[in-house]
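Values reported hereafter were calculated over all heavy atoms of this structure, with side chains retained and with hydrogens, waters and symmetry mates removed. Residue numbers start at 1 and run along the sequence shown.
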Amino acid sequence: MNIETYHTYKEIKSQTQAWAQALEVVTASNLPKAGDYGQVIFTGCGSTYYQSLSAAALYQELTGRSARAVPGGELLLNSQTILTDQKTLLVAISRSGTTTETVKAVERFKKEKRGEIVVISNYDEILSRMADVNIVIGKGQEESVAQTRSFASMFVAVSALCARMAGRDDLLTSMTDLPKVGDRLMEKYEAYAKEIGENLGFDRFYFLGSGIRYGLACEVNLKMKEMTLTHSEPFHFMEFRHGPVSMVNQNAVVVGMLSDANRIHEAKVLSEMEMLGGTVASFGEAEADVCFESNIPESVRGVLYLPILQLMAFYRSIKKGLNPDRPANLTAVVKLDF
Ligand code: F1P
């Protein structure tokens, strides 16, 4: 079957148009002021919870104010472990805008008048209608179940939101180069993604990412699980030595999402894994298997880690005879009877 017939493939390859739209929408939005809130919470489910992990880290890194990420289900069922009596900003992220846990958690937050709500979504749905600030990126909409283009578009939006709330319009300006760099990366490294993804001699994948990259490591790990049914796990770089290292052998791929700031420590973990027989796939601005060469500041170029790793999962799925558009046991939206 021609790969172009898969929705997932078309969505991955066209994602940079949705990145550009995300930037336009956030630039035009009237955002809350960071100084008005004692607490900031990012929430979502599955992919969008993982996105929340990266977003909370980035918000804190850029604004200097603490932020936390929680799954929608936790905000709904265990809010006493999360909310305080401080004025709170809730940023809810959802591709569909209809996931029950996220919708119900936001509904309750609003009813209890805890603070303002920002919604980031690809569809103008029930969730968006509860928002004080409604960010919809229509070009991220998808036919396939696993999030690729949608996730990346919302991640660009949330990165831009953090930059703007931090008063860093300079970062927003440098983000306008992201679509161009993303296209170049897919052109240059698709063959690399295919080569590793199609190698069925590998039976385990580990995704290492620290700081704002940890949530992204969780997300690409989820792609590998959903689309390819392969054993895979995400870790913070330095955590990997504390036990998970036991799983590394010649069948393991260790993906390293390198930072500039901590590169020395992170690269050391990767070279140790290579010594143990693992295959390392490193991603970073320079001197890596996949080099971004973007000149975009580290804090706002996180989306660049995604397309090649999404393609890696896509090619592996096909090679295993699976349908990447329809992962086993999974629906595009989880709707519960509450
Ligand atoms: C969240 C989500 C997806 C997952 C699956 C089920 O959806 O958990 O992350 O891949 O498709 O739904 P949403 O709230 O972002 O629409």
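- Asn262 has its side chain out of reach of Phe237: every pair of non-hydrogen atoms, C-beta onward, lies at least 4.5 Å apart.
- Thr100 is not listed as a side-chain neighbour of Asp337, based on a closest heavy-atom distance of 4.5 Å or more.
- In Asn2, the CG atom is crowded: over 12 heavy atoms of neighbouring residues, nucleotides or ligands sit closer than 6.0 Å.
- Residue Asp260 comes nearest to Glu298 through the heavy atom pair N-OE2, 2.7 Å, listed as atom of the first residue, atom of the second, then distance.
- Screening Val118, Val133, Ile135 against Val91 for a side-chain contact (heavy atoms from CB on, under 4.5 Å) leaves a single residue, Val118.
- For Gln51 (side chain) and Phe155 (main-chain N/O), a donor-acceptor pair under 3.5 Å exists by modelled atom type.
- Residue Val280 comes nearest to Met273 through the heavy atom pair CG2-CB, 4.5 Å, listed as atom of the first residue, atom of the second, then distance.
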Side-chain polar contacts of residues 214-225 - donor-acceptor pairs under 3.5 angstrom, sequence neighbours left out - could you list them?
unit_1	atom_1	unit_2	atom_2	d
Glu219	OE1	Ser47	OG	2.9
Glu219	OE2	Lys223	NZ	3.1
Asn221	OD1	Ser232	OG	2.7
Asn221	OD1	Glu233	N	2.9
Lys223	NZ	Gln147	O	2.9
Lys223	NZ	Glu226	OE1	3.1
Lys225	NZ	Ser232	O	2.6

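- The side chain to side chain donor-acceptor pair (under 3.5 Å) with Gln15 is formed by just one residue from the set Arg149, Lys10, Gln310; it is Gln310.
- A side-chain donor-acceptor contact under 3.5 Å links Ser153 and Asn122.
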Set out, in order, the CA-CA distance, both residues' side-chain angles and the distance that settles side chain to side chain contact (heavy atoms under 4.5 Å, CB included) for Ile41 and Phe109, then state yes or no. CA-CA 11 Å; Ile41 293 181; Phe109 182 91; over 6 Å; no
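- Using a distance-only test at 3.5 Å, with no hydrogens or angles considered, a donor-acceptor pair links the side chain of Thr43 to the main chain of Val70.
- A salt bridge links Lys104 and Glu107; the closest N-O separation between the charged side-chain nitrogens and carboxylate oxygens is under 4.0 Å.
- Between Phe292 and Tyr305, the ring planes lie perpendicular to each other; the angle is over 60°, past the 30° to 60° tilted range.
- Ion pairing of Lys13 with Glu190 is present here, as a side-chain N (NZ or NE/NH1/NH2) and a carboxylate O approach within less than 4.0 Å.
- Of all heavy-atom pairs spanning Tyr123 and Arg95, the tightest one is CD1-O, 3.0 Å.
- By the neighbour-count criterion of 12 heavy atoms within 6.0 Å, atom NZ of Lys194 is sparsely surrounded, having that number or fewer from other residues, nucleotides or ligands.
- With contacts defined as side-chain heavy-atom distances shorter than 4.5 Å, the pair Leu258/Leu270 qualifies.
- For the pair Ser144 (side chain) and His7 (backbone), a donor-acceptor distance under 3.5 Å is absent.
- When all heavy atoms of Ala69 and Ala56 are compared, the closest pair comes out as N-CB, 3.8 Å.
- In Gln80, the CD atom is crowded: over 12 heavy atoms of neighbouring residues, nucleotides or ligands sit closer than 6.0 Å.
- When side chains are defined from C-beta on, Ile318 does not count as touching Tyr9, because their heavy atoms never get closer than 4.5 Å.
- Contact check for Thr27 versus Glu24: no side-chain heavy atoms found under the 4.5 Å cut-off.
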Take Lys180 and Asp177 through the test salt bridge (charged side-chain N to carboxylate O under 4.0 Å, His left out) and record every step on the way to the result.
CA-CA 6 Å; Lys180 185 179 70 194; Asp177 282 343; 3.4 Å; yes
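- The hydrophobic clustering, which links ILVMFWY residues whose side-chain heavy atoms are closer than 4.5 Å, places Val136 and Val26 apart.
- Under the 4.5 Å side-chain contact rule for hydrophobic residues, Val106 and Tyr49 do not share a cluster.
- For the pair Asn134 and Ser128, the tightest heavy-atom approach, listed with the atom from each and the gap, is OD1-CB, 3.2 Å.
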Check your understanding: Given Phe314 and Ile3, is the side chain to side chain contact (heavy atoms under 4.5 Å, CB included) satisfied, shown in steps?
Key -> CA-CA 9 Å; Phe314 170 80; Ile3 53 169; 3.9 Å; yes
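- Atoms CE and CZ, from Met175 and Arg164 in turn, are 12.0 Å apart once rounded to the nearest 0.5 Å.
- Of the inter-residue distances, the one linking Leu304 atom CG with Cys291 atom SG reads 12.0 Å to the nearest 0.5 angstrom.
- Between Phe205 and Phe207, the ring-plane angle classifies as parallel under the 30° and 60° cut-offs.
- Looking only at side-chain heavy atoms (C-beta outward), Val119 and Met130 stay at 4.5 Å or farther from each other.
- Heavy atoms only, all atoms of each residue included: Leu62 and Ala166 are closest at O-CB, 3.5 Å.
- For Arg316 (side chain) and Asn199 (main-chain N/O), a donor-acceptor pair under 3.5 Å exists by modelled atom type.
- Residues forming a ring-ring contact (aromatic ring centres under 6.0 Å, His included) with His231 (at least two apart in sequence, or on another chain): Tyr206.
- In summary, of the residues considered (Glu272, Glu266, His265), a side-chain contact (heavy atoms from CB on, under 4.5 Å) with Lys268 occurs for Glu272 alone.
- One finds a salt bridge joining Glu285 and Arg301 here, because a Lys/Arg side-chain nitrogen approaches an Asp/Glu carboxylate oxygen to under 4.0 Å.
- Counting heavy atoms from C-beta on, the side chains of Pro32 and Leu89 come closer than 4.5 Å.
- The number of heavy-atom neighbours closer than 6.0 Å to CD1 of Ile264, taken from other residues, nucleotides and ligands shown, is 12 or below.
- More than 12 heavy atoms of other residues, nucleotides or ligands lie within 6.0 Å of CD in Glu112, so this atom counts as buried by the packing criterion.
- Here the straight-line distance linking atom OG1 of Thr228 with atom NZ of Lys319 works out to 14.0 Å at 0.5 Å rounding.
- In this structure, Ile82 places its CD1 atom where more than 12 heavy-atom neighbours from other residues, nucleotides or ligands lie under 6.0 Å away.
- A donor-acceptor pair under 3.5 Å is absent between the side-chain atoms of Thr99 and the main chain of Glu101, judged by distance alone.
- Checked by atom type, the side-chain pair Thr148/Glu142 shows a donor-acceptor distance below 3.5 Å.
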